[in-house]
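Notes to accompany the following structure.
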Amino acid sequence: MSDCIFCKLVEGKIPSTRIYEDENVIGFKDLRPQAQVHHLFIHRRHTRDIIDLVSCDPDQLGDLFRAIATYTAKESLTREGFRLVTNLGPDAGQTVFHTHFHVLAGEQLGSFGA
Ligand code: 5GP
Ligand code: ZN
């Protein structure tokens, strides 16, 4: 999508610090990190959010989760643990409408929920 910032990032039209790359998925450092380790994983094919992805192109889920599993194991993030988050819509604070997963790690993360 031409007006999507993460599609531009996939095409290399805006800069990013890539930490993972394969034929389907790109991982890169978040511009405004919320933890010691804060990476984003996106599929090269555009979908708007996780619901759009599941209904339009569900194979992306396997591609994304395999990439995240490969990367977190390689970097030993699986040892101390990590948090995997995707936001959908305004209440969750979604600001970029190209499906992405946040990987947060490298420190004790705050608890959330009830
Ligand atoms: P959301 O709030 O939609 O779940 O997450 C969007 C994330 O993308 C935010 O954490 C924000 O810091 C990050 N972000 C927004 N624009 C850019 C950018 O141009 N480059 C990078 N690396 N991260 C971005
Ligand atoms: Zn996009």
Side-chain angles (χ1 to χ4, degrees):
M1 258 185 53
S2 58
D3 62 345
C4 170
I5 189 168
F6 284 178
C7 282
K8 290 193 177 112
L9 195 145
V10 169
E11 292 163 15
K13 290 180 180 159
I14 64 163
S16 65
T17 306
R18 295 186 184 197
I19 47 86
Y20 178 89
E21 198 162 357
D22 67 29
E23 60 177 331
N24 295 305
V25 174
I26 294 172
F28 54 96
K29 292 187 177 181
D30 195 290
L31 205 56
R32 287 177 289 276
Q34 306 293 317
Q36 286 287 331
V37 174
H38 188 173
H39 301 327
L40 301 174
F41 282 78
I42 62 173
H43 206 279
R44 292 179 188 272
R45 298 195 295 274
H46 179 91
T47 59
R48 175 183 170 80
D49 56 42
I50 190 64
I51 299 297
D52 185 36
L53 181 156
V54 166
S55 59
C56 296
D57 197 358
D59 289 352
Q60 287 192 26
L61 264 188
D63 297 336
L64 281 158
F65 279 21
R66 261 190 306 278
I68 291 165
T70 299
Y71 176 79
T72 53
K74 178 172 154 283
E75 295 299 315
S76 300
L77 298 181
T78 44
R79 197 169 51 216
E80 298 299 325
F82 64 91
R83 181 170 289 160
L84 188 59
V85 174
T86 192
N87 293 318
L88 184 147
D91 275 3
Q94 185 179 8
T95 57
V96 177
F97 293 87
H98 179 128
T99 310
H100 51 281
F101 285 93
H102 299 253
V103 171
L104 299 150
E107 62 185 277
Q108 181 71 59
L109 301 165
S111 58
F112 69 103

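Numbering of ligands and ligand atoms starts at 1, following listing order. The structure displayed is predicted, hence computed values, not measured ones. Any value given below was found using the heavy atoms of this structure, including those in side chains, with hydrogens, waters and symmetry copies removed.
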* Touching ligand 1 at all, G93? Heavy atoms, strictly under 4.0 Å? ->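 Under 4.0 Å: yes for G93.
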* If you stand at the Zn ion (ligand 2) and look out to SG of C4 and ND1 of H46, what angle do those two lines make, to 10°? -> 110°
* Opening angle at the Zn ion (ligand 2) [ND1, H98; SG, C7; to 10 degrees] -> 110°
* Hey, could you give me the SG/NE2 distance between C4 and H46, rounded to the nearest 0.5 Å? =>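 Result: 5.0 Å between the selected atoms.
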* Protein residue, atom and distance nearest to atom 22 (N) of ligand 1, heavy-atom basis -> K29 O, 2.9 Å
* So which heavy atom on D22 is nearest to which on A67, and how close? -> OD2-CB, 4.0 Å
* To do: Taking all non-hydrogen atoms of both residues into account, name the closest pair between K8 and D3 and its distance.
  =>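 The answer is NZ-CA, 4.1 Å.
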Could you tell me whether the side chain of [X] and the main chain of [Y] form a donor-acceptor pair under 3.5 Å?
| X | Y | result |
| --- | --- | --- |
| H102 | H100 | no |
| Q36 | E107 | no |
| T17 | F28 | no |

* Asked: How about D52 and T99: do any of their side-chain heavy atoms sit closer than 4.5 Å?
  ->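 D52 vs T99: side chains apart.
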[X] N/O under 3.5 Å from ligand 1 N/O:
| X | value |
| --- | --- |
| N87 | yes |
| L40 | no |
| H100 | yes |

* Structure fact -> Restricting to heavy atoms, the pick from D30, T95, L31, I5 nearest atom 12 (O) of ligand 1 would be D30
* Asked: Is it the side chain (CB and beyond), the backbone, both or neither of Q34 that lies under 4.0 Å from ligand 1, heavy atoms counted?
  -> neither
* Asked: With a 3.5 Å cut-off and no angle check, do the side chains of H39 and Y71 form a donor-acceptor pair?
  -> yes
* Taking only heavy atoms of F28, which atoms of ligand 1 are found under 4.0 Å from at least one of them? ->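 Reading through ligand 1 atom by atom, the close ones are 21 (C), 22 (N).
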* Structure fact -> So the atoms of ligand 1 within less than 4.0 Å of a heavy atom of F6 turn out to be 8 (O)
